[in-house]
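A quick write-up on the structure given underneath.
Labels below follow one simple rule: chain letters A, B, ... track the order of the sequence lines, proteins then strands, and each chain is numbered from 1.
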Amino acid sequence: MKLERIDANRYRIPKTGRMRVPGVVYSSPELVDDLRDDPSLEQVANVAQLPGIVGASLAMPDIHWGYGFAIGGVAAFDPDEGVLSPGGVGYDINCGVRLLRTRLSRDEVVPRLETLVGALHRAIPSGVGSKSHRTLTTGELAQVLVRGARWAVDHGYGEPADLDVIEEGGTFAGADPDAVSDRAKQRGLPQLGSLGSGNHFGEVGVVAEIYDPAAAEAFGLHLGQVTVMLHSGSRGLGYQVCSDSLEEMLKASARYGIALPDRQLCAAPLSSPEARRYFGAMASAVNYAFANRQMLTHFTRQAFAEVFGRSAGELGMGLVYDVCHNIAKWETHRVDGRERRLCVHRKGATRAFGPGHADVPGRYRAVGQPVLIPGDMGRYSYVLAGTQRALDETFGSCCHGAGRRMSRHKALAVTRGRSIGKELAERGIQVRSDSRRTLGEEAPEAYKDVAEVVDAVAGAGIARKVAKLVPIAVVKG
DNA sequence: ATGTAC
(Lines give C-alpha, C1' and ligand atoms only; values in the text may rest on other atoms or scores of the structure.)
Protein backbone atom coordinates (compact mmCIF):
# COMPACT_ATOMS: atom_id res chain seq x y z
CA MET A 1 0.00 0.00 0.00
CA LYS A 2 1.35 3.36 -1.01
CA LEU A 3 1.82 5.65 1.97
CA GLU A 4 3.03 9.23 1.37
CA ARG A 5 4.57 11.19 4.21
CA ILE A 6 2.74 14.48 4.85
CA ASP A 7 4.71 15.27 8.00
CA ALA A 8 6.21 13.25 10.87
CA ASN A 9 2.76 12.28 12.20
CA ARG A 10 0.58 12.25 9.07
CA TYR A 11 0.72 9.87 6.11
CA ARG A 12 -1.53 9.85 3.06
CA ILE A 13 -2.94 6.93 1.09
CA PRO A 14 -3.44 8.69 -2.26
CA LYS A 15 -6.86 8.58 -3.84
CA THR A 16 -6.72 5.91 -6.56
CA GLY A 17 -9.15 3.62 -8.34
CA ARG A 18 -12.62 3.77 -6.79
CA MET A 19 -11.58 5.71 -3.72
CA ARG A 20 -13.76 8.82 -3.30
CA VAL A 21 -11.39 10.46 -0.80
CA PRO A 22 -7.79 9.83 0.25
CA GLY A 23 -6.80 7.96 3.39
CA VAL A 24 -4.98 9.80 6.16
CA VAL A 25 -3.03 7.74 8.69
CA TYR A 26 -1.81 9.31 11.95
CA SER A 27 1.43 7.62 12.88
CA SER A 28 5.11 8.34 13.47
CA PRO A 29 8.47 7.40 11.97
CA GLU A 30 8.76 4.76 14.75
CA LEU A 31 5.35 3.18 14.16
CA VAL A 32 4.88 3.59 10.43
CA ASP A 33 7.45 1.00 9.32
CA ASP A 34 5.49 -1.82 10.94
CA LEU A 35 2.40 -0.59 9.15
CA ARG A 36 3.58 -0.67 5.55
CA ASP A 37 2.72 -4.33 4.97
CA ASP A 38 -0.27 -4.34 7.28
CA PRO A 39 -3.60 -5.36 5.71
CA SER A 40 -5.35 -2.70 7.79
CA LEU A 41 -4.15 -0.01 5.35
CA GLU A 42 -6.11 -1.71 2.58
CA GLN A 43 -9.13 -1.54 4.88
CA VAL A 44 -8.61 2.23 5.22
CA ALA A 45 -8.55 2.50 1.42
CA ASN A 46 -11.67 0.31 1.13
CA VAL A 47 -13.62 2.56 3.49
CA ALA A 48 -12.64 5.51 1.27
CA GLN A 49 -14.74 3.89 -1.49
CA LEU A 50 -18.01 4.03 0.47
CA PRO A 51 -20.65 6.49 -0.78
CA GLY A 52 -20.91 9.87 0.90
CA ILE A 53 -17.65 9.65 2.86
CA VAL A 54 -16.51 13.16 3.81
CA GLY A 55 -12.94 14.47 3.88
CA ALA A 56 -10.80 11.38 4.24
CA SER A 57 -10.82 7.83 5.55
CA LEU A 58 -8.87 8.28 8.80
CA ALA A 59 -6.68 5.91 10.79
CA MET A 60 -5.17 6.41 14.22
CA PRO A 61 -1.66 5.21 15.20
CA ASP A 62 -3.07 2.18 17.06
CA ILE A 63 -4.66 0.87 13.86
CA HIS A 64 -4.88 -2.88 13.34
CA TRP A 65 -6.91 -5.26 11.22
CA GLY A 66 -10.64 -5.55 12.05
CA TYR A 67 -13.95 -6.72 10.62
CA GLY A 68 -14.35 -4.68 7.40
CA PHE A 69 -13.15 -1.39 8.88
CA ALA A 70 -9.78 -1.35 10.63
CA ILE A 71 -9.75 -0.94 14.40
CA GLY A 72 -8.44 2.58 14.89
CA GLY A 73 -10.52 3.91 11.98
CA VAL A 74 -12.69 7.01 11.77
CA ALA A 75 -15.05 7.83 8.89
CA ALA A 76 -17.74 10.53 8.61
CA PHE A 77 -20.64 10.38 6.17
CA ASP A 78 -22.97 12.90 4.60
CA PRO A 79 -26.62 12.48 5.72
CA ASP A 80 -27.98 12.41 2.15
CA GLU A 81 -25.26 10.62 0.19
CA GLY A 82 -23.68 8.59 2.97
CA VAL A 83 -24.11 5.20 4.59
CA LEU A 84 -24.26 3.53 7.98
CA SER A 85 -22.17 0.37 8.34
CA PRO A 86 -22.13 -2.09 11.27
CA GLY A 87 -18.52 -2.94 10.39
CA GLY A 88 -17.67 0.70 11.08
CA VAL A 89 -18.83 0.26 14.68
CA GLY A 90 -17.69 -3.29 15.31
CA TYR A 91 -18.96 -6.26 17.27
CA ASP A 92 -18.45 -4.77 20.72
CA ILE A 93 -20.81 -1.81 20.37
CA ASN A 94 -19.81 0.99 22.79
CA CYS A 95 -16.85 -0.82 24.11
CA GLY A 96 -15.32 1.97 26.14
CA VAL A 97 -13.25 3.12 29.08
CA ARG A 98 -13.91 5.10 32.22
CA LEU A 99 -11.57 6.47 34.86
CA LEU A 100 -12.29 6.94 38.56
CA ARG A 101 -10.19 9.10 40.83
CA THR A 102 -9.64 8.46 44.55
CA ARG A 103 -8.25 10.38 47.51
CA LEU A 104 -5.97 7.43 48.26
CA SER A 105 -2.23 7.59 47.73
CA ARG A 106 -0.03 4.81 46.46
CA ASP A 107 1.45 4.37 49.95
CA GLU A 108 -1.98 3.79 51.49
CA VAL A 109 -2.98 1.21 48.87
CA VAL A 110 0.16 -0.85 48.28
CA PRO A 111 0.14 -2.54 51.76
CA ARG A 112 -3.47 -3.69 51.12
CA LEU A 113 -2.99 -4.49 47.45
CA GLU A 114 -3.54 -8.25 47.60
CA THR A 115 -6.69 -7.79 49.67
CA LEU A 116 -7.92 -5.11 47.26
CA VAL A 117 -7.32 -7.09 44.09
CA GLY A 118 -9.07 -10.09 45.67
CA ALA A 119 -12.05 -7.93 46.61
CA LEU A 120 -12.22 -6.46 43.10
CA HIS A 121 -12.02 -9.90 41.55
CA ARG A 122 -14.95 -11.07 43.72
CA ALA A 123 -16.97 -7.88 43.13
CA ILE A 124 -16.58 -7.77 39.32
CA PRO A 125 -17.92 -10.85 37.51
CA SER A 126 -15.50 -11.57 34.68
CA GLY A 127 -14.66 -14.04 31.95
CA VAL A 128 -16.28 -15.33 28.75
CA GLY A 129 -20.02 -15.76 29.28
CA SER A 130 -19.77 -14.23 32.75
CA LYS A 131 -23.06 -13.45 34.44
CA SER A 132 -23.94 -10.49 36.60
CA HIS A 133 -24.87 -10.58 40.29
CA ARG A 134 -28.39 -9.73 39.10
CA THR A 135 -30.51 -10.98 36.20
CA LEU A 136 -32.79 -8.37 34.66
CA THR A 137 -36.45 -8.81 33.92
CA THR A 138 -37.48 -8.12 30.32
CA GLY A 139 -39.15 -4.91 31.52
CA GLU A 140 -35.95 -3.73 33.18
CA LEU A 141 -33.90 -4.53 30.07
CA ALA A 142 -36.25 -2.42 27.94
CA GLN A 143 -35.53 0.51 30.27
CA VAL A 144 -31.77 -0.13 30.21
CA LEU A 145 -31.75 -0.06 26.39
CA VAL A 146 -33.39 3.37 26.35
CA ARG A 147 -31.93 5.02 29.46
CA GLY A 148 -28.41 3.56 29.73
CA ALA A 149 -26.33 4.66 32.72
CA ARG A 150 -29.27 6.73 33.98
CA TRP A 151 -31.20 3.51 34.59
CA ALA A 152 -28.29 2.17 36.61
CA VAL A 153 -28.01 5.34 38.71
CA ASP A 154 -31.77 5.30 39.37
CA HIS A 155 -31.40 1.73 40.64
CA GLY A 156 -28.66 2.50 43.15
CA TYR A 157 -25.57 1.93 41.02
CA GLY A 158 -23.61 5.13 41.41
CA GLU A 159 -24.68 8.72 41.74
CA PRO A 160 -26.33 11.34 39.52
CA ALA A 161 -23.07 13.33 39.30
CA ASP A 162 -21.54 10.39 37.41
CA LEU A 163 -23.86 11.10 34.49
CA ASP A 164 -22.40 14.58 33.95
CA VAL A 165 -19.07 13.08 32.89
CA ILE A 166 -20.16 10.31 30.53
CA GLU A 167 -20.32 10.85 26.76
CA GLU A 168 -23.95 11.66 25.93
CA GLY A 169 -24.66 11.89 29.67
CA GLY A 170 -24.78 8.08 29.69
CA THR A 171 -28.02 8.02 27.68
CA PHE A 172 -27.65 7.77 23.90
CA ALA A 173 -30.64 9.16 22.01
CA GLY A 174 -32.32 7.18 19.25
CA ALA A 175 -32.50 3.76 20.87
CA ASP A 176 -35.20 1.47 19.50
CA PRO A 177 -35.46 -1.68 21.65
CA ASP A 178 -37.95 -3.14 19.14
CA ALA A 179 -35.05 -3.29 16.66
CA VAL A 180 -33.09 -5.55 19.04
CA SER A 181 -33.72 -9.27 18.41
CA ASP A 182 -35.13 -11.53 21.12
CA ARG A 183 -31.91 -13.52 20.97
CA ALA A 184 -29.82 -10.42 21.70
CA LYS A 185 -32.15 -9.53 24.57
CA GLN A 186 -31.92 -13.06 26.01
CA ARG A 187 -28.13 -12.79 25.97
CA GLY A 188 -28.33 -9.40 27.65
CA LEU A 189 -30.62 -10.33 30.56
CA PRO A 190 -28.03 -12.07 32.79
CA GLN A 191 -24.93 -10.07 31.79
CA LEU A 192 -25.54 -6.46 32.81
CA GLY A 193 -22.80 -5.68 35.33
CA SER A 194 -20.14 -8.09 34.08
CA LEU A 195 -16.71 -7.37 32.66
CA GLY A 196 -16.37 -9.91 29.86
CA SER A 197 -13.09 -11.23 28.56
CA GLY A 198 -10.24 -10.48 26.15
CA ASN A 199 -8.84 -7.00 26.56
CA HIS A 200 -11.52 -5.93 29.04
CA PHE A 201 -10.21 -5.14 32.50
CA GLY A 202 -10.39 -3.26 35.75
CA GLU A 203 -7.10 -1.63 36.65
CA VAL A 204 -5.86 0.14 39.76
CA GLY A 205 -3.20 2.67 38.79
CA VAL A 206 -1.12 5.48 40.20
CA VAL A 207 -0.61 8.91 38.63
CA ALA A 208 3.10 8.76 37.80
CA GLU A 209 3.60 11.87 35.71
CA ILE A 210 1.77 15.13 35.02
CA TYR A 211 2.37 16.87 31.69
CA ASP A 212 -0.33 19.54 31.84
CA PRO A 213 -0.93 20.76 35.42
CA ALA A 214 -3.96 22.92 34.56
CA ALA A 215 -5.76 20.10 32.74
CA ALA A 216 -4.78 17.57 35.41
CA GLU A 217 -6.22 19.84 38.08
CA ALA A 218 -9.44 20.25 36.11
CA PHE A 219 -9.67 16.43 35.81
CA GLY A 220 -8.97 16.10 39.57
CA LEU A 221 -5.66 14.25 39.07
CA HIS A 222 -2.40 14.69 40.98
CA LEU A 223 0.93 12.91 41.36
CA GLY A 224 0.91 9.75 43.51
CA GLN A 225 -2.89 9.49 43.46
CA VAL A 226 -4.58 6.10 43.03
CA THR A 227 -7.02 5.76 40.11
CA VAL A 228 -9.20 2.99 38.68
CA MET A 229 -9.76 2.39 34.98
CA LEU A 230 -12.57 0.14 33.72
CA HIS A 231 -12.74 -1.21 30.16
CA SER A 232 -15.85 -3.09 29.06
CA GLY A 233 -18.62 -3.04 26.50
CA SER A 234 -22.07 -4.34 25.59
CA ARG A 235 -21.26 -8.03 26.15
CA GLY A 236 -23.28 -10.68 24.30
CA LEU A 237 -26.13 -8.27 23.57
CA GLY A 238 -23.99 -5.92 21.49
CA TYR A 239 -22.29 -8.81 19.74
CA GLN A 240 -25.68 -10.24 18.78
CA VAL A 241 -26.95 -6.85 17.55
CA CYS A 242 -23.96 -6.59 15.22
CA SER A 243 -24.23 -10.17 14.09
CA ASP A 244 -27.99 -9.85 13.43
CA SER A 245 -27.48 -6.68 11.38
CA LEU A 246 -24.90 -8.03 8.95
CA GLU A 247 -27.24 -10.19 6.89
CA GLU A 248 -29.78 -7.40 6.56
CA MET A 249 -27.09 -4.85 5.67
CA LEU A 250 -25.65 -7.15 3.03
CA LYS A 251 -29.06 -7.37 1.38
CA ALA A 252 -29.48 -3.60 1.72
CA SER A 253 -26.13 -2.99 0.01
CA ALA A 254 -27.33 -4.96 -2.99
CA ARG A 255 -30.79 -3.35 -2.96
CA TYR A 256 -29.39 0.20 -2.96
CA GLY A 257 -26.59 -0.58 -5.43
CA ILE A 258 -23.69 0.08 -3.05
CA ALA A 259 -20.51 -1.36 -4.55
CA LEU A 260 -18.61 -3.14 -1.78
CA PRO A 261 -14.85 -3.70 -2.06
CA ASP A 262 -15.30 -6.11 0.87
CA ARG A 263 -18.55 -7.79 1.95
CA GLN A 264 -17.65 -6.95 5.54
CA LEU A 265 -18.22 -3.28 4.68
CA CYS A 266 -21.93 -3.92 4.06
CA ALA A 267 -23.87 -0.71 4.62
CA ALA A 268 -27.17 1.01 3.95
CA PRO A 269 -27.94 4.63 3.00
CA LEU A 270 -28.33 6.71 6.17
CA SER A 271 -31.83 7.68 5.07
CA SER A 272 -32.99 4.06 4.54
CA PRO A 273 -35.24 2.05 6.87
CA GLU A 274 -32.44 -0.54 7.17
CA ALA A 275 -30.02 2.08 8.49
CA ARG A 276 -32.66 3.49 10.83
CA ARG A 277 -33.28 0.03 12.22
CA TYR A 278 -29.59 -0.72 12.75
CA PHE A 279 -29.09 2.70 14.36
CA GLY A 280 -31.95 2.01 16.79
CA ALA A 281 -30.51 -1.38 17.70
CA MET A 282 -26.94 -0.06 17.93
CA ALA A 283 -28.08 2.83 20.15
CA SER A 284 -29.81 0.30 22.44
CA ALA A 285 -26.53 -1.62 22.76
CA VAL A 286 -24.70 1.67 23.40
CA ASN A 287 -27.01 2.29 26.34
CA TYR A 288 -26.56 -1.28 27.59
CA ALA A 289 -22.78 -0.71 27.64
CA PHE A 290 -23.14 2.62 29.49
CA ALA A 291 -25.30 0.90 32.12
CA ASN A 292 -22.81 -1.98 32.29
CA ARG A 293 -19.84 0.29 33.03
CA GLN A 294 -21.97 2.18 35.54
CA MET A 295 -22.72 -1.06 37.45
CA LEU A 296 -19.05 -2.10 37.31
CA THR A 297 -18.21 1.32 38.77
CA HIS A 298 -20.56 0.66 41.68
CA PHE A 299 -19.02 -2.77 42.33
CA THR A 300 -15.56 -1.19 42.25
CA ARG A 301 -16.58 1.44 44.78
CA GLN A 302 -18.07 -1.27 47.03
CA ALA A 303 -14.84 -3.28 46.91
CA PHE A 304 -12.74 -0.22 47.85
CA ALA A 305 -15.18 0.69 50.65
CA GLU A 306 -14.96 -2.85 52.05
CA VAL A 307 -11.16 -2.92 51.97
CA PHE A 308 -10.50 0.59 53.29
CA GLY A 309 -13.43 0.78 55.73
CA ARG A 310 -14.66 4.10 54.36
CA SER A 311 -17.48 4.96 51.97
CA ALA A 312 -16.76 5.55 48.28
CA GLY A 313 -17.70 9.19 48.88
CA GLU A 314 -15.16 9.50 51.68
CA LEU A 315 -12.61 7.83 49.44
CA GLY A 316 -13.27 10.50 46.79
CA MET A 317 -14.13 7.95 44.11
CA GLY A 318 -15.66 10.38 41.63
CA LEU A 319 -15.84 9.60 37.94
CA VAL A 320 -13.34 11.52 35.78
CA TYR A 321 -14.90 10.57 32.44
CA ASP A 322 -16.33 7.74 30.30
CA VAL A 323 -15.50 7.48 26.58
CA CYS A 324 -16.90 5.24 23.82
CA HIS A 325 -14.56 3.37 21.48
CA ASN A 326 -17.01 1.75 19.08
CA ILE A 327 -19.94 3.85 17.95
CA ALA A 328 -21.58 5.76 15.11
CA LYS A 329 -23.13 9.07 16.05
CA TRP A 330 -24.56 12.25 14.56
CA GLU A 331 -22.29 15.23 15.15
CA THR A 332 -21.86 18.71 13.71
CA HIS A 333 -18.45 19.48 12.26
CA ARG A 334 -17.03 22.36 10.26
CA VAL A 335 -15.87 21.07 6.89
CA ASP A 336 -14.29 23.49 4.39
CA GLY A 337 -15.72 26.41 6.34
CA ARG A 338 -19.26 25.02 6.49
CA GLU A 339 -21.08 23.44 9.47
CA ARG A 340 -22.33 20.00 8.47
CA ARG A 341 -24.31 17.34 10.28
CA LEU A 342 -22.37 14.10 9.77
CA CYS A 343 -22.63 10.51 10.89
CA VAL A 344 -19.21 9.80 12.42
CA HIS A 345 -18.16 6.15 12.72
CA ARG A 346 -15.47 5.55 15.35
CA LYS A 347 -14.19 2.01 15.57
CA GLY A 348 -11.43 1.63 18.10
CA ALA A 349 -11.19 5.40 18.27
CA THR A 350 -12.04 7.94 20.94
CA ARG A 351 -13.94 11.18 20.69
CA ALA A 352 -11.54 14.03 21.55
CA PHE A 353 -13.47 17.31 21.50
CA GLY A 354 -11.40 20.38 22.19
CA PRO A 355 -11.77 23.32 24.59
CA GLY A 356 -14.98 25.30 24.33
CA HIS A 357 -17.07 22.58 22.65
CA ALA A 358 -20.61 22.51 24.03
CA ASP A 359 -20.55 18.70 24.38
CA VAL A 360 -17.58 18.83 26.79
CA PRO A 361 -18.85 18.88 30.41
CA GLY A 362 -18.77 22.38 31.91
CA ARG A 363 -16.09 21.55 34.47
CA TYR A 364 -13.70 20.47 31.70
CA ARG A 365 -14.76 22.87 28.93
CA ALA A 366 -11.82 25.24 29.35
CA VAL A 367 -9.24 22.45 28.89
CA GLY A 368 -10.99 20.01 26.54
CA GLN A 369 -12.59 16.59 26.86
CA PRO A 370 -10.70 13.95 28.85
CA VAL A 371 -9.38 11.27 26.48
CA LEU A 372 -8.55 8.00 28.26
CA ILE A 373 -5.93 5.81 26.61
CA PRO A 374 -5.29 2.43 28.24
CA GLY A 375 -2.00 0.74 27.47
CA ASP A 376 -1.13 -2.87 28.15
CA MET A 377 -1.40 -4.22 31.70
CA GLY A 378 2.36 -4.14 32.36
CA ARG A 379 3.38 -0.64 31.32
CA TYR A 380 1.23 2.50 31.57
CA SER A 381 -1.90 4.28 30.46
CA TYR A 382 -2.47 7.93 29.59
CA VAL A 383 -4.97 10.66 30.17
CA LEU A 384 -5.07 13.17 27.30
CA ALA A 385 -7.25 16.16 26.47
CA GLY A 386 -9.04 16.79 23.17
CA THR A 387 -8.00 19.73 21.00
CA GLN A 388 -9.38 22.17 18.45
CA ARG A 389 -7.03 20.59 15.94
CA ALA A 390 -8.83 17.26 16.40
CA LEU A 391 -12.10 19.04 15.66
CA ASP A 392 -10.51 20.62 12.57
CA GLU A 393 -8.85 17.46 11.20
CA THR A 394 -10.31 14.22 12.60
CA PHE A 395 -13.95 15.03 13.33
CA GLY A 396 -12.86 15.41 16.94
CA SER A 397 -11.28 11.94 17.20
CA CYS A 398 -8.15 10.36 18.60
CA CYS A 399 -6.59 6.94 19.25
CA HIS A 400 -8.10 4.51 21.78
CA GLY A 401 -5.23 2.41 23.11
CA ALA A 402 -1.97 0.66 22.40
CA GLY A 403 -3.19 -1.57 19.59
CA ARG A 404 -2.02 -5.13 19.16
CA ARG A 405 1.31 -5.94 17.60
CA MET A 406 0.76 -9.72 17.87
CA SER A 407 -2.33 -11.76 17.08
CA ARG A 408 -3.87 -13.58 20.05
CA HIS A 409 -2.51 -16.80 18.56
CA LYS A 410 1.02 -15.43 18.31
CA ALA A 411 0.84 -14.03 21.84
CA LEU A 412 -0.16 -17.46 23.18
CA ALA A 413 2.71 -19.06 21.30
CA VAL A 414 5.38 -16.69 22.63
CA THR A 415 4.09 -16.89 26.24
CA ARG A 416 3.68 -20.66 26.33
CA GLY A 417 5.04 -22.16 29.55
CA ARG A 418 5.41 -18.77 31.23
CA SER A 419 3.34 -17.36 34.08
CA ILE A 420 2.36 -13.85 33.07
CA GLY A 421 0.77 -13.34 36.49
CA LYS A 422 4.03 -14.17 38.22
CA GLU A 423 6.08 -12.01 35.86
CA LEU A 424 3.83 -9.04 36.55
CA ALA A 425 3.80 -9.69 40.31
CA GLU A 426 7.62 -9.49 40.25
CA ARG A 427 7.21 -6.02 38.74
CA GLY A 428 4.80 -4.96 41.51
CA ILE A 429 1.58 -5.52 39.55
CA GLN A 430 -1.02 -7.84 41.10
CA VAL A 431 -3.14 -9.55 38.43
CA ARG A 432 -6.22 -11.70 38.95
CA SER A 433 -7.82 -13.68 36.15
CA ASP A 434 -9.62 -17.01 35.98
CA SER A 435 -8.01 -17.69 32.64
CA ARG A 436 -4.30 -18.27 32.11
CA ARG A 437 -5.03 -18.17 28.42
CA THR A 438 -6.42 -14.63 28.59
CA LEU A 439 -3.28 -13.53 30.44
CA GLY A 440 -1.13 -15.05 27.69
CA GLU A 441 -3.15 -13.38 24.94
CA GLU A 442 -2.98 -10.09 26.81
CA ALA A 443 0.70 -10.20 27.75
CA PRO A 444 2.29 -6.73 27.64
CA GLU A 445 4.56 -7.68 24.74
CA ALA A 446 1.49 -8.50 22.59
CA TYR A 447 0.80 -4.76 22.42
CA LYS A 448 2.51 -1.78 20.89
CA ASP A 449 4.11 0.63 23.33
CA VAL A 450 1.23 3.00 24.05
CA ALA A 451 3.76 5.78 24.75
CA GLU A 452 4.65 5.73 21.04
CA VAL A 453 0.97 5.82 20.07
CA VAL A 454 0.29 8.73 22.42
CA ASP A 455 3.37 10.63 21.23
CA ALA A 456 2.09 10.26 17.66
CA VAL A 457 -1.31 11.82 18.40
CA ALA A 458 0.23 14.48 20.65
CA GLY A 459 2.82 15.22 17.94
CA ALA A 460 0.03 15.60 15.41
CA GLY A 461 -1.75 17.94 17.83
CA ILE A 462 -5.02 15.96 17.88
CA ALA A 463 -4.68 15.50 21.66
CA ARG A 464 -2.60 16.94 24.49
CA LYS A 465 -0.82 14.81 27.10
CA VAL A 466 -2.18 15.39 30.60
CA ALA A 467 -1.05 12.51 32.83
CA LYS A 468 0.54 9.08 32.85
CA LEU A 469 -0.83 6.24 35.02
CA VAL A 470 1.12 3.12 35.99
CA PRO A 471 -0.77 -0.06 36.95
CA ILE A 472 -0.44 -1.72 40.36
CA ALA A 473 -3.37 -4.17 40.17
CA VAL A 474 -5.44 -5.64 37.34
CA VAL A 475 -8.53 -7.83 37.16
CA LYS A 476 -9.11 -9.55 33.81
CA GLY A 477 -11.70 -11.86 32.26
C1' DA B 1 -14.87 -8.42 21.14
C1' DT B 2 -17.94 -13.16 21.28
C1' DG B 3 -22.32 -18.92 24.90
C1' DT B 4 -13.92 -18.21 20.93
C1' DA B 5 -18.36 -22.98 15.30
C1' DC B 6 -25.53 -22.75 14.51
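Rounded to an integer number of Å, the gap from A:N326 CG to B:dT2 P is 11 Å. Residue A:D92 contributes atom CG, which lies 15 Å from atom P of B:dT4 at whole-angstrom precision. Per the geometry, CZ belonging to A:R408 stands 14 Å off P belonging to B:dT4, to the nearest Å. Atom OH of A:Y67 and atom C1' of B:dT4 are 16 Å apart (whole Å). In this structure, the CZ atom of A:R235 is 5 Å from the P atom of B:dT2, given to the nearest Å. A straight line from CG of A:L237 to C1' of B:dT2 spans 12 Å, rounded to a whole angstrom. Spacing between atom CD of A:Q240 and atom C1' of B:dT4 amounts to 14 Å, rounded to whole angstrom units. For the pair A:N94 CG and B:dT2 C1', the interatomic distance rounds to 16 Å; values are reported in whole Å.
Residue A:S243 is out of contact with every strand shown, counting any heavy-atom pair closer than 4.0 Å. A:G198 comes within contact range of the sugar-phosphate backbone alone, with a heavy-atom separation under 4.0 Å but no base atom that close. Looking at heavy-atom distances under 4.0 Å, A:E441 makes no contact with the nucleic acid at all. Residue-level contact check: A:E442 touches the backbone only, with heavy atoms under 4.0 Å from sugar-phosphate atoms and none from bases. Using a 4.0 Å heavy-atom criterion, one finds that A:R404 contacts no nucleic acid atom at all.
A donor and an acceptor atom, one from each side chain of A:Y288 and A:Q191, are nowhere located under 3.5 Å apart. In the model, A:S232 has a side-chain atom that pairs as donor or acceptor with a side-chain atom of A:N292 under 3.5 Å.
Geometrically, A:K468 engages A:Y380 in a cation-pi contact, judged by NZ or CZ lying under 6.0 Å from the ring centre and within 45° of the ring axis. In this structure, A:R351 is positioned above the aromatic face of A:F353, its NZ or CZ under 6.0 Å from the six-membered ring centre and within 45° of the axis.
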